[in-house]
Amino acid sequence: MIAGNLNQLALASLPVELARILAEPEVSFSNLVKLADGKYQKQGESWFYTVGDFQTSPKSARHTEYHKEYLDIQVVLNGEEIIGYQLENVINSPLPEKKPDFYVLENPKLTNEIHLKAGDFAIFYPGEPH
């Protein structure tokens, strides 16, 4: 997992390709907060992003997901959120795919949390439950 703030990308020590993507004007904090909910993809790029208005749920009502193919970059645009995660690769868990590249763990032990505020992001690699 990597964490940082969209307005301070240099401090996140991102791999080159992630730094390039997050520096795109389309995914700047000032642009993202203006967008309507939906899925967006820049022409000619393989990456996409989804904007949605979600309310944080109590821990007991949350699910824990992971992905096998894609990175998952969570960005808080308004308010704040605490995301639980674990530093254990579960990519080989024999679970059914709920949606394309979306898996849900049953009764995970999330040993870590990160507190994100507006502009903050957390990047979860394939196999990292969050």
Side-chain angles (χ1 to χ4, degrees):
M1 188 210 37
I2 299 173
N5 185 285
L6 288 179
N7 296 316
Q8 300 292 328
L9 288 176
L11 296 176
S13 298
L14 295 166
V16 173
E17 186 63 14
L18 280 175
R20 182 190 70 76
I21 290 169
L22 291 178
E24 293 279 346
E26 291 87 346
V27 294
S28 68
F29 181 75
S30 60
N31 188 61
L32 289 174
V33 297
K34 296 176 195 173
L35 293 177
D37 291 358
K39 182 177 176 179
Y40 298 86
Q41 186 167 18
K42 186 175 178 181
Q43 188 171 351
E45 294 285 359
S46 60
W47 55 271
F48 64 90
Y49 55 104
T50 303
V51 175
D53 187 11
F54 299 98
Q55 295 296 316
T56 299
S57 307
K59 282 185 184 182
S60 61
R62 295 183 196 177
H63 69 270
T64 297
E65 67 187 64
Y66 71 95
H67 310 276
K68 289 185 177 181
E69 300 293 325
Y70 295 104
L71 294 174
D72 188 355
I73 304 174
Q74 302 277 326
V75 179
V76 174
L77 300 178
N78 185 25
E80 54 190 271
E81 181 175 9
I82 297 173
I83 299 175
Y85 65 97
Q86 71 185 52
L87 297 172
E88 178 182 336
N89 188 335
V90 297
I91 204 162
N92 292 319
S93 297
L95 296 172
E97 195 172 32
K98 300 283 185 179
K99 294 190 277 187
D101 197 42
F102 181 82
Y103 301 83
V104 175
L105 289 174
E106 301 293 329
N107 303 315
K109 293 179 182 173
L110 300 179
T111 55
N112 302 285
E113 292 182 334
I114 185 165
H115 188 165
L116 303 176
K117 297 181 179 181
D120 292 342
F121 62 84
I123 302 171
F124 298 97
Y125 280 83
E128 288 185 321
H130 56 284

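All heavy atoms count here, side chains included; hydrogens, waters and symmetry mates do not.
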**Request:** For salt bridge (Lys or Arg N to Asp or Glu O under 4.0 Å), just list the numbers for Glu45 and Arg20, CA-CA rounded to whole Å, side-chain angles, deciding distance to a tenth of an Å, and then say yes or no.
**Result:** CA-CA 12 Å; Glu45 294 285 359; Arg20 182 190 70 76; 3.3 Å; yes
**Prompt:** Do the side chains of Pro15 and Ile2 get nearer than 4.5 Å, heavy atoms only?
**Reply:** yes
**Prompt:** Quick one: OH on Tyr66 to CG on Asn89, what's the gap to the nearest 0.5 Å?
**Reply:** 9.5 Å
**Prompt:** Looking only at heavy atoms, which two atoms of Ala118 and Asn5 are closest? And how far apart?
**Reply:** O-ND2, 3.8 Å
**Item:** Nearest atoms (heavy-atom pairs only) where Ile91 meets Pro126
**Value:** CD1-CB, 4.0 Å
**Message:** Is it the case that over 12 heavy atoms from other parts of the model lie below 6.0 angstrom from the CD atom of Glu106?
**Reply:** no
**Request:** Could you walk me through whether Trp47 and Glu24 pass the side chain to side chain contact (heavy atoms under 4.5 Å, CB included) test, one step at a time?
**Result:** CA-CA 12 Å; Trp47 55 271; Glu24 293 279 346; 4.0 Å; yes
**Item:** Phe121 and Leu116, any side-chain heavy atoms less than 4.5 Å apart
**Value:** no
**Prompt:** Closest approach of Ala3 and Ile114, non-hydrogen atoms and distance?
**Reply:** CB-CD1, 3.4 Å
**Asked** ring pair (Phe, Tyr, Trp, His ring centres under 6.0 Å) with His130: which of Tyr125, Tyr85, Phe124?
**Response** Phe124
**Leu77 vs Leu35 side-chain heavy atoms within contact, under 4.5 Å** = no
**Asked** Between Lys98 and Tyr103, is any pair of side-chain heavy atoms under 4.5 Å apart?
**Response** no
**Asked** Can Glu69 and His67 be counted as having a side-chain donor-acceptor contact under 3.5 angstrom?
**Response** no
**Item:** Side-chain heavy atoms of Leu18 within contact of Leu71, under 4.5 Å
**Value:** yes
**Message:** Using 0.5 Å steps for rounding, measure from the OG1 atom of Thr64 to the CG atom of Leu110.
**Reply:** 4.0 Å
**Item:** Distance-minimising heavy-atom pair for Leu6 and Val27
**Value:** CD1-O, 3.7 Å
**Request:** Report yes or no: do Tyr49 and Ile83 belong to one cluster of Ile/Leu/Val/Met/Phe/Trp/Tyr joined by side chain heavy-atom distances under 4.5 Å?
**Result:** no
**Message:** Taking the side chain as everything from C-beta on, heavy atoms only, tell me whether Asn112 gets closer than 4.5 Å to Met1.
**Reply:** no
**Item:** Qualifying salt bridge (Lys or Arg N to Asp or Glu O under 4.0 Å) pairs with a residue from residues 113-130, counting only residues at least two apart or across chains
**Value:** Lys59-Glu113
**Prompt:** To the nearest 0.5 Å, how far apart are CD in Glu97 and NZ in Lys68?
**Reply:** 7.5 Å
**Counterpart residues, side-chain contact (heavy atoms from CB on, under 4.5 Å), relative to Ser28 (two or more places apart)** = Ser30, Asn31
**Message:** Working note: Ile73 + Ile21, criterion side chain to side chain contact (heavy atoms under 4.5 Å, CB included); need CA distance, chi angles, decisive distance, verdict.
**Reply:** CA-CA 11 Å; Ile73 304 174; Ile21 290 169; 5.6 Å; no
**Parallel, tilted or perpendicular: rings of His63 and Phe102 (30°, 60°)** = perpendicular
**Prompt:** For Pro108 and Gln86, which heavy atoms make the closest approach, and how far apart are they?
**Reply:** CB-OE1, 4.3 Å
**Request:** Report yes if some heavy atom in the side chain of Val33 is under 4.5 Å from a heavy atom in the side chain of Asn78; otherwise report no.
**Result:** no
**Fill in**
Closest non-hydrogen atoms of Asn7 and Phe29, given as atom of the first, atom of the second and distance, are OD1-CB, 3.9 Å
**Prompt:** Any chance OH of Tyr70 has more than 12 other-residue heavy atoms, nucleotides or ligands included, within less than 6.0 Å?
**Reply:** no
**Item:** Joint hydrophobic cluster, Leu9 plus Leu32, side-chain heavy atoms closer than 4.5 Å
**Value:** yes
**Message:** Just so I know, are the side chains of Leu95 and Val104 near enough to count as touching, which here means a heavy-atom distance under 4.5 Å?
**Reply:** no
